[in-house]
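As structure tokens, the structure follows; a few thoughts come after it.
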Amino acid sequence: MDRECVSLLPRVCEVLGNSGRSLPDDTSLEKLLDWFTGLTEAEGSLLKAYPCLLEFMSTVVHKTSSDPAVISFTLKLSGLMAATEDGFKMLQECSVLDLAFNHQHWHEAGLWEDPCIRIGWIQGLRSMLQHSKALSFFVQADFIAPLLRLQTDTSLFVASAANQMLAHILLFFQPVLSAGCNGVGKKHGDEKKTQASITDIETSVVTMETSQDYTAVVVATSKYLKESLVPTENTWLRQSLQTLKLLGLLLTQARPRLRDQLLQTVADPLEELVTAGYSQLTLPLMDIVLAAYSTSSSDERVPDRHVTRLLSSMLAMSKPSDLIRAAAAFLRRGHQDTVHTARAVRILLLPLDIITGQALLGTNTEVEEHQFSVVEQLKSKTPCISIICVCLTNTPQITLVPPDLLPCPPAVIVTAVVSLLRICSGDSSSSPAGCPEVFRNVIGSGKVQKSALEALTGLSSSPGVKDKLIEAFTVLIQYLNNPDSDPTVLHKSYQALVKWTSVCKDLSSITDELRRELTEVVKKRVCDMRWEVRDSTVEFLGKLAGVVKSAGEVRDGSEALLGGCCSAPLLREALQDPESYVRASAISALAQTLAHSWQQGEALTQEQTDVVSRLLEILSQDTEGFARRAVVRYFIAWFSSRSPSSLLMNSVSSVLSLGSADLDWEVKVHTLELAELLLDEALSGHRGYRKGSDSQHALSHPYAVVSDQTYTLHSHTGSHTEDVESDLAAVLNNLVEQGVISALLSGLVDCDRPVGLKACQLLITLRETVCPMSLEALDAPAAMATVARVSCELPGCGWGREIRKILGVKKCDQTKEADIAADGAEVVDSEDCGEMGKDGVREGGDSVCVGVCEVLRSLGLDAQLDILTQSSDHVHNSPLSLLQDILTASAAHTRPDTQPGQEVIVDCY
């Protein structure tokens, strides 16, 4: 703690202890507690070094008239100070702990009903319970009884905190068994549980006395679990739910001894709860059973018989909705259990088998006992849709289980999903063996359609389904043609088409008729009245073009399916779309469509030249940022393709100029990414150059733009390295002419922090590469002088004026120092200093030419980087500021002329 904080802390403690009122901003107390927590971790017990804390806690716990927020803070602070044995002893000697955590004391004062008091009590005790003396104090004071009552507190926050605290006690103080004993220390057993523990239980030292105290807590907890798991009436379901949450916390992290003891205690109540069939508890119950199943018994490979029986009971529940949710939960865990996995698969396929009439269950009759109840449930619309969606969500995972556990091949499941999609659109002819009474519940259901389309997309990667390509394409094109399909259904249909196209390398089986139908529907949908549909269609064209076919086929997905004759014209037309999202998607799709021709170095067509003109027009005139961002990313993708095009290089200067002057900060950051690619291209062969991703200055930043694509430039050869080193001046001059230097300098003084940070990092990289100081290793004085003469132009307004101010002030400071050192003469005014001629600067009209190296050395880039990497609230983000704010707020609070209700703004971190 620094000296100023030490001097203010006693006054803060006095204010909080005597005022009896909380602060206008009660988060100040939480910040104060966070600070004390950090100090405790760094310095140990604070009570000896700062006795005012002990006096403060003693005052508050004796003064029941204090604000509940201050009392709650005091309870938490007391627990924190007692977390070390030395602090615990000092607080015990002063009787602070006995009074602070005596809940009867707060009951009698009428404060226990306030949830913040109960939260303070729980969190204070939890902080304290880090050593055996604290556990003995907890047990001897009989705090286990009120803690168990708080497990079902009316406040969810209090109940959750009580759950966490009880779990902490049982897990932190559980005996540490020797490695390999009773399963502990096994490679896949205890190691995993130890990593997941709430606290570092390896630090606990369990003495005989502690063992007795711990046993008392375990016995009381076991009794509570056994009595509270099964509700006596519906109003107590919430108690069962909270108890299941506690049990889940314990079973997932307990060591074998505690876990087996808990399972033995709760096995019968859990089985009774499963039999009772409370639908609200199905998923929490399944979580408990699966947690126990994953970690039960000493031999991890053989599940405990109680747990196996519970799991079998869960997968035989009488209510269809509960049964299917339980099967889905089991399958998602990925357990390799032959019997239960096979049963879960059949349960999940049963509804699809019923509704579509496909033979999904084979000859196995294991789940026939549930067929009647499932059919009856499917006849009601709401449960029908819910059940079908759960089954569809899990179909892709079903196809990935071992083949001997599947009742049918994955291809049959694909056929069932396709049949369901047809039924949803009103065509039941493909499912004559289905259940007509259920059809009416799914026809036109958007929810079922979306789930089925997602399932069909996922099934494309399943083994042995490639032969179903035609079926999938046919139904998907039907959905795209359906005038009743909503935008989300159409979007998912496009996604499924792209996915099936990407996984099926051979598209020769697709008939010409299907290709024509797809082409016609795409042309129709790109002109749809709804902008979401147009956007999805344009996005589809781009993704389809990005699908790379087999090595022997030179066509991309768009050429293979659409013939390549309609994609580019449709996308060029979409550049005129009135909706900015569609324009942005069209630009991105064009980049994906043209990527192949760029990489092949094909000659540019007139249409592509027109596209570039249109894109530059969008960058300069479009009123929406989405499209302008997409334009810059388009040129980034083009430049990354290494296509040798004069049109590209001529356009880059315009993109840099327009992008760096844009009002949207993301456009400016993307423009700097393009400038970075140009730097990489020009300087990557130089031995002093480090790419931005490799530079030590490339710090992460909370506001940084993360590009969704990775652009890579080809590395240069050794001969190119020699050329760059011998002609660095020409390279630097080329960067100036391209507008890279101007873009970096304008970004440096930009008002948006991410832009300034990116520009500063790139400028530092450039400075370390091209400035004469970094060229000394070349031993080429002539080359140094040539590089030093390379200049760039600073405009007389905007960013140029800001750069000139920085240079002027720094030059003026240097002039002052030189004058004072020479003869102590009176210094000139800084305004005049900024306009004076100096080395490396040639004035001409409103613009000024400056030497690039002179600018890079004079801008103070390292200091700028330090400022830009600081958080915006770094000035106020300090303990000293917090203490000052508390004192200021308290003084205003107690001032006689303060009006009732008048706010005091606390500027705490």
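What you are looking at is a predicted structure, and each value in this text was computed from that prediction instead of being measured.
Of the possible polar contacts, none joining the R572 side chain to the V611 backbone as a donor-acceptor pair under 3.5 Å is found. Panel note: side chain T869, backbone D866; a donor-acceptor pair is recorded below 3.5 Å. When atom types are taken as modelled, the side chain of S588 and the backbone of S585 share no donor-acceptor pair closer than 3.5 angstrom. No donor-acceptor pair under 3.5 Å is formed between the side chain of R422 and the backbone N or O of V418. For the pair N650 (side chain) and S646 (backbone), a donor-acceptor distance under 3.5 Å is present. The main-chain N or O of Y479 is found under 3.5 Å from a side-chain atom of S485 such that the two form a donor-acceptor pair. With S858 contributing its side chain and V855 its backbone, the two residues share no donor-acceptor pair below 3.5 Å. Side-chain atoms of S451 never come within 3.5 Å of backbone atoms of V448 as a donor-acceptor pair (strictly under, hydrogens ignored). In terms of modelled atom types and a separation under 3.5 Å, the side chain of S653 and the main chain of Q738 share a donor-acceptor contact. Judged by distance alone, with hydrogens and angles left aside, the side-chain atoms of T511 form a donor-acceptor pair with the main-chain N or O of L514 at under 3.5 Å.
Using a 4.5 Å cut-off on side-chain heavy atoms (C-beta onward), V848 and E793 make no contact. The side-chain heavy atoms of W500 and T457, taken from C-beta on, include no pair separated by under 4.5 Å. Looking only at side-chain heavy atoms (C-beta outward), L794 and L745 come within less than 4.5 Å of each other. A heavy-atom distance below 4.5 Å is not found between the side chains of T537 and V582. A 4.5 Å side-chain heavy-atom check between L677 and S640 finds at least one atom pair inside the cut-off. For the pair L476 and L456, the minimum side-chain heavy-atom distance is below 4.5 Å. Using a 4.5 Å cut-off on side-chain heavy atoms (C-beta onward), L570 and L541 make contact. Counting heavy atoms from C-beta outward, V521 and E517 have side chains that stay 4.5 Å or more apart.
To the nearest 0.5 Å, atoms CD (E673) and CG (L678) are separated by 12.5 Å. Between T671 atom OG1 and R629 atom CZ the span is 11.5 Å, to the nearest 0.5 Å. Interatomic distance, H670 NE2 to D664 CG, rounded to the nearest 0.5 Å: 8.5 Å. The line from CG of L672 to CG of L679 is 10.0 Å long, rounded to the nearest 0.5 Å. Rounded to the nearest 0.5 Å, atoms CG (L683) and CD (E681) are 10.0 Å apart. Here the OG atom belonging to S791 is positioned 7.5 Å from the CG atom belonging to N733, to the nearest 0.5 angstrom.
In this structure, a donor-acceptor pair under 3.5 Å is present between the side chains of Q606 and D610.
Partner of V526 under the side chain to side chain contact (heavy atoms under 4.5 Å, CB included) criterion, chosen from D577, L571, V538: V538.
No cation-pi contact links R628 to F626, judged by a cut-off of 6.0 Å to the six-membered ring centre and 45° from its axis.
Nearest heavy-atom pair across A452 and L392 is N-CD1, 3.6 Å. Shown here for L616 and S654, the closest heavy-atom pair between the two residues is CD2-CB, 4.1 Å. Taking each heavy atom of C792 and I741 in turn, the nearest pair found is SG-CG2, 4.1 Å. Of all the heavy atoms in L735 and A682, the pair that sits closest is CD2-CB, 4.0 Å. Of all the heavy atoms in R530 and P487, the pair that sits closest is NH1-CD, 3.7 Å. Of all heavy-atom pairs spanning A759 and L744, the tightest one is CB-O, 3.4 Å.
In the displayed structure, E607 atom CD is contacted under 6.0 Å by more than 12 heavy atoms of other residues, nucleotides or ligands. Few gaps surround CD on E737; more than 12 heavy atoms of other groups in view lie less than 6.0 Å from it. For K524, the NZ atom is densely surrounded, since the number of other residues' heavy atoms within 6.0 Å is greater than 12.
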- [ ] For side chain to side chain contact (heavy atoms under 4.5 Å, CB included), just list the numbers for Q761 and T765, CA-CA rounded to whole Å, side-chain angles, deciding distance to a tenth of an Å, and then say yes or no.
- [x] CA-CA 6 Å; Q761 291 168 347; T765 302; 5.6 Å; no
TODO: Kindly determine whether S462 and L459 satisfy side chain to side chain contact (heavy atoms under 4.5 Å, CB included), including the steps that lead there.
DONE: CA-CA 5 Å; S462 301; L459 288 168; 3.7 Å; yes
Task: Stepwise side chain to side chain contact (heavy atoms under 4.5 Å, CB included) test for Q478 and V475 - done: CA-CA 5 Å; Q478 287 174 358; V475 74; 4.2 Å; yes
Open item on the list: W799 vs L748, test: side chain to side chain contact (heavy atoms under 4.5 Å, CB included). Steps then yes/no.
Closed with: CA-CA 9 Å; W799 65 267; L748 181 67; over 6 Å; no
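For residues 504-540, the set of pairs meeting the ring pair (Phe, Tyr, Trp, His ring centres under 6.0 Å) definition, not counting sequence neighbours, comprises Y494-F540, W531-Y581. A salt bridge (Lys or Arg N to Asp or Glu O under 4.0 Å) check over residues 480-499, counting only residues at least two apart or in different chains, returns the pairs E454-K492.
Salt bridge status for R583 with E579: absent, with no side-chain N to carboxylate O gap under 4.0 Å. The pair E471-K468 meets the salt-bridge criterion, with a side-chain N (NZ, NE, NH1 or NH2) lying under 4.0 Å from an Asp/Glu carboxylate O.
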